[in-house]
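Let me begin by presenting the structure, written as structure tokens, before commenting on it.
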Protein chains: 2
Amino acid sequence: MANIRDVAKAAGVSVATVSRYLNNKGYISEEAKRVIAQAVEELNYQPSMIARSLSTKQSTFIGLIVPDIVNPFFPELARAIEDIALAYGYTVILCNSDEDLEKEINYVKTLQQKYVAGFIVATSHAEAEHYIGLDIPIVAIDRRIHSSIPYIATDNREGARIGTEHLLDSGCTNILCMRGPLGLGPADDRFAGFNDAVMGKNINTHIIECPFQFDVAETMVKKVLAEASIDGIFASSDVTAAGAMKAAYSAGIHVPSQLQIVGYDGTMLASQLTPGLTTVAQDLYRIGAMAARMLIKLIEGQELTEHEVLIPAELLIRQTTRSGA
Amino acid sequence: MANIRDVAKAAGVSVATVSRYLNNKGYISEEAKRVIAQAVEELNYQPSMIARSLSTKQSTFIGLIVPDIVNPFFPELARAIEDIALAYGYTVILCNSDEDLEKEINYVKTLQQKYVAGFIVATSHAEAEHYIGLDIPIVAIDRRIHSSIPYIATDNREGARIGTEHLLDSGCTNILCMRGPLGLGPADDRFAGFNDAVMGKNINTHIIECPFQFDVAETMVKKVLAEASIDGIFASSDVTAAGAMKAAYSAGIHVPSQLQIVGYDGTMLASQLTPGLTTVAQDLYRIGAMAARMLIKLIEGQELTEHEVLIPAELLIRQTTRSGA
DNA sequence: TCATTATGTGTAACCGGTACCACATAGAAC
DNA sequence: GTTCTATGTGGTACCGGTTACACATAATGA
């Protein structure tokens with residue numbers, strides 16, 4: 001592969017001129033532009049990003065840290081981030097942390113060695129120290145890491161309130177709330193939103209804490225349905241809602257006539273279930289895209305206009321609730 | 001950040017010695033090891049992979065090109081690849097091609113500039129020229145690119161045969177085959193497997209060509225169900241099977257008592273549907289992991305023992321077919 | 001007319017590693 | 001005693017870019 005000196009020689013100019021040409025920096029005559037362009041063409045020259053990175057100490061890699069890309073919540077985020085990154089000339093490095101702090105720290109370290117320009121982090125365990133010390137731009141998605149780190153998420157509390165309200169409007173009076181893990185920001189927020197909705201109303205509520213896992217959700221809900229009479233479920237993710245649907249099916253309980261279910265996230269999964277899952281949709285693409293844009297701004301030294309952004313959620317009424325049937 | 005010269009100075013040795021120490025190459029005295037290790041520790045030194053890459057013209061980046069990470073087939077692959085890559089010290093760059101040739105070529109170009117060590121490609125359009133000319137290791141997943149490029153996939157023909165056979169065994173006699181796009185390797189193979197199974201049997205078959213998209217599948221199946229009497233569907237992906245389930249539900253056709261459905265892929269989606277989707281499972285993790293291992297072998301200059309690997313598929317019987325009900 | 005500024009280009013140090021080569025020493029082999 | 005080999009270390013060119021600085025020349029302003 002040709003390098004910049006080959007191009008300079010072929011064009012009959014110095015490497016500095018070629019470099020200026022490539023970066024649109026400083027003065028270059030039209031004539032120089034012409035001959036360089038021709039040389040670049042002839043040699044099929046492509047500048048080495050590695051060499052450029054070494055010299056400028058900058059790079060065009062963005063590290064994306066997610067708990068597990070297999071969770072349907074994350075591919076949509078990743079997709080958005082990748083789209084924006086591509087548009088701005090960045091590439092995305094995929095990291096699965098498995099919610100494992102050590103793995104996460106390790107990743108950050110490794111990627112620093114590789115001069116990543118910044119991180120988008122969709123996982124965290126309050127152990128913010130590992131991030132705030134870094135002199136690399138970071139944007140947090142979904143879960144807040146630290147007040148100093150820009151943060152983008154859905155307005156989970158309001159979203160959960162809307163979703164629960166929908167169950168209420170559809171006539172549910174015995175509601176099971178499948179809240180997410182205690183201490184996990186978004187899960188806590190959604191639970192708060194659920195409470196906002198039922199508070200003061202004459203509603204029987206059952207609360208269970210359930211991880212964002214299909215199997216566990218199915219098992220837990222099966223048990224609850226056997227013991228209590230429930231006519232509505234607010235699940236704090238689509239995956240756990242899917243588990244609840246399965247449990248209802250096994251128990252011979254018809255959805256939505258006997259039991260109504262509202263999920264959360266608005267992933268593909270929700271739309272592909274039968275019956276279609278009514279869900280509180282996060283605008284995942286918008287969140288991802290916005291995070292990517294913010295990160296790139298930070299990387300390129302621009303000021304952020306907003307430090308924390310809450311995106312409104314939208315209720316997608318489908319067939320697991322009666323108004324959608 | 002400290003560099004290798006700082007370490008050398010602190011340890012009172014030359015950079016060459018430090019470099020040898022870091023790479024476990026050549027002779028180093030125990031004493032030298034000790035002082036260098038100490039200096040590394042003190043300075044919290046981390047070698048720059050960028051500089052190393054520039055010098056060695058190698059890197060530890062693997063480019064993963066998929067059509068769309070949002071398709072539930074790919075996250076599981078990506079996950080496996082990432083796991084293996086991490087274990088061997090590589091990092092994965094995520095690229096969504098959208099089946100767009102230009103985008104794909106562009107990606108390859110960009111990543112070459114960034115010195116990726118190799119590609120794992122899960123997308124292709126027979127336009128293999130863009131890959132075979134590259135002097136970078138490539139491994140193809142799922143879809144064959146060219147005979148010169150190592151290829152790993154499920155034994156789709158046999159998998160489809162097993163899946164179809166299962167419908168036959170469960171008593172279906174009017175079977176709809178939702179084949180994937182014509183000309184797409186795995187889709188053609190699966191269709192061949194379907195034919196292998198029904199050939200010579202006294203079965204009515206209906207064939208439709210259906211892209212791997214939920215909505216399209218739902219619409220197409222709705223139409224077929226309205227016009228013909230079908231008691232079994234072989235879908236060549238879980239996503240399209242999910243679409244078929246939805247169509248049956250809308251038409252008031254009960255699964256599996258009136259209509260049995262077999263999907264293909266064995267993604268999470270299949271297990272999360274209600275009723276659970278009987279599906280021909282690809283061992284996605286194994287495929288991804290194997291592809292990653294093969295690629296790393298190639299990158300590191302080792303010989304490949306196998307050039308093409310077909311992984312057997314496994315039938316997962318769940319509740320959309322009667323033997324699983 | 002002379003100083004100043006805008007325009008244009010080249011030289012070479014630098015980013016942080018790698019690795020070739022020279023060189024030193026010590027023990028083994030002859 | 002000399003040669004050979006194994007062991008250990010250092011100097012420095014090189015990878016392919018960027019950019020500070022020096023140095024031109026032409027145009028502008030006082």
Side-chain angles (χ1 to χ4, degrees), chain A residues 1-37 39-40 43-61 89 110-117 135 300-301, chain B residues 1-37 39-40 43-61 89 110-117 135 300-301:
Chain A
M1 264 256 271
N3 65 30
I4 198 171
R5 282 161 240 263
D6 297 331
V7 174
K9 194 175 294 175
V13 298
S14 72
V15 293
T17 305
V18 177
S19 178
R20 277 190 292 263
Y21 166 80
L22 294 170
N23 298 292
N24 269 320
K25 248 184 204 169
Y27 300 110
I28 306 149
S29 62
E30 288 307 315
E31 172 61 10
K33 281 182 189 170
R34 210 183 46 73
V35 293
I36 294 172
V40 165
L43 298 171
N44 188 25
Y45 168 71
Q46 290 184 1
S48 155
M49 300 308 276
I50 294 286
R52 199 202 296 268
S53 286
L54 179 60
S55 185
T56 61
K57 288 162 173 292
Q58 288 183 357
S59 90
T60 52
F61 289 113
T110 307
L111 293 191
Q112 265 193 301
Q113 283 185 43
K114 298 191 181 185
Y115 281 68
V116 262
D135 53 349
E300 300 184 346
Chain B
M1 261 250 275
N3 64 30
I4 198 173
R5 283 162 239 263
D6 297 331
V7 174
K9 193 175 294 175
V13 297
S14 73
V15 292
T17 304
V18 177
S19 178
R20 277 189 294 264
Y21 166 80
L22 294 171
N23 297 294
N24 269 320
K25 246 185 206 169
Y27 301 111
I28 306 148
S29 63
E30 290 307 315
E31 171 61 10
K33 282 182 187 169
R34 210 183 47 73
V35 293
I36 294 172
V40 165
L43 298 172
N44 188 27
Y45 169 71
Q46 291 184 0
S48 156
M49 301 307 278
I50 293 286
R52 198 200 298 266
S53 287
L54 180 60
S55 183
T56 60
K57 287 164 175 294
Q58 291 183 357
S59 89
T60 51
F61 289 113
T110 307
L111 293 191
Q112 265 193 299
Q113 285 184 43
K114 298 190 180 184
Y115 282 66
V116 262
D135 52 347
E300 299 184 348

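Chain identifiers are assigned alphabetically (A, B, ...) following the order of the sequence lines, protein sequences preceding nucleic acid strands; residue numbering begins at 1 within each chain.
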Look at the side chain of [X] and decide which nucleotide, out of [options], has an atom nearest to it.
X	options	answer
B/Ile28	C/dT11, D/dT9, C/dG16	D/dT9
B/Ala51	D/dT9, C/dG16, C/dT9	C/dG16
A/Ala32	D/dT18, D/dT9, C/dT9	C/dT9
A/Thr56	C/dG17, D/dT18, C/dT18	D/dT18
B/Leu54	C/dG16, C/dT18, D/dG17	C/dG16
A/Val15	C/dT9, C/dA12, C/dG17	C/dA12
A/Ala16	C/dT9, D/dG17, D/dA20	D/dA20
A/Val13	D/dG16, C/dG10, C/dG17	C/dG10
A/Arg5	C/dG10, D/dG17, D/dG10	D/dG17

Rounded distance (Å) that lies between atom [atom2] of [N] and atom [atom1] of [X]:
X	N	atom1	atom2	result
B/Glu31	D/dT7	CD	P	19 Å
B/Asp6	C/dC14	CG	C1'	14 Å
B/Tyr21	D/dT9	OH	P	13 Å
A/Ile4	D/dC14	CD1	C1'	16 Å
B/Arg20	D/dG8	CZ	P	11 Å
B/Asn23	C/dG17	CG	C1'	9 Å
B/Arg52	C/dG16	CZ	C1'	11 Å
A/Glu30	C/dT7	CD	P	13 Å

Check if the side chain of A/Ser48 and the base of D/dG16 share a donor-acceptor pair of N or O atoms closer than 3.5 Å.
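By the distance-only test, no, there is no pair.
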
For a quick test of reading the model: is some side-chain N or O of [X] closer than 4.0 Å to OP1 or OP2 of [N]?
X	N	answer
B/Lys25	C/dT18	no
A/Thr17	C/dG10	yes
B/Tyr27	D/dG8	no
B/Ser55	C/dT18	no
A/Ser19	D/dT18	yes
B/Asn3	C/dG17	no
B/Lys57	D/dG16	yes
B/Ser53	C/dG17	no

Is the shortest side-chain heavy-atom distance between [X] and [Y] below 4.5 Å?
X	Y	answer
B/Pro47	B/Arg52	yes
B/Lys57	B/Tyr115	yes
A/Ser19	A/Tyr21	no

Find which nucleotide of DNA chain C each of A/Ser29 and B/Ile50 is nearest to by heavy atoms, and output the residue with the more 5' nucleotide.
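Its nearest nucleotide being more 5', the pick is A/Ser29.
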
Is A/Asn23 reaching over with its side chain to a backbone N or O of A/Lys25, donor-acceptor style, under 3.5 angstrom?
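Checked: no pair found.
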
Donor-acceptor contact present, side-chain B/Ser59 to main-chain B/Ser53, <3.5 Å:
no

Side chains of B/Thr60 and A/Lys114, donor plus acceptor under 3.5 Å:
yes

Search all heavy atoms of B/Ala2 against all heavy atoms of B/Tyr45 and return the closest pair with its distance.
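So the two residues come closest at O-CD1, 3.4 Å.
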
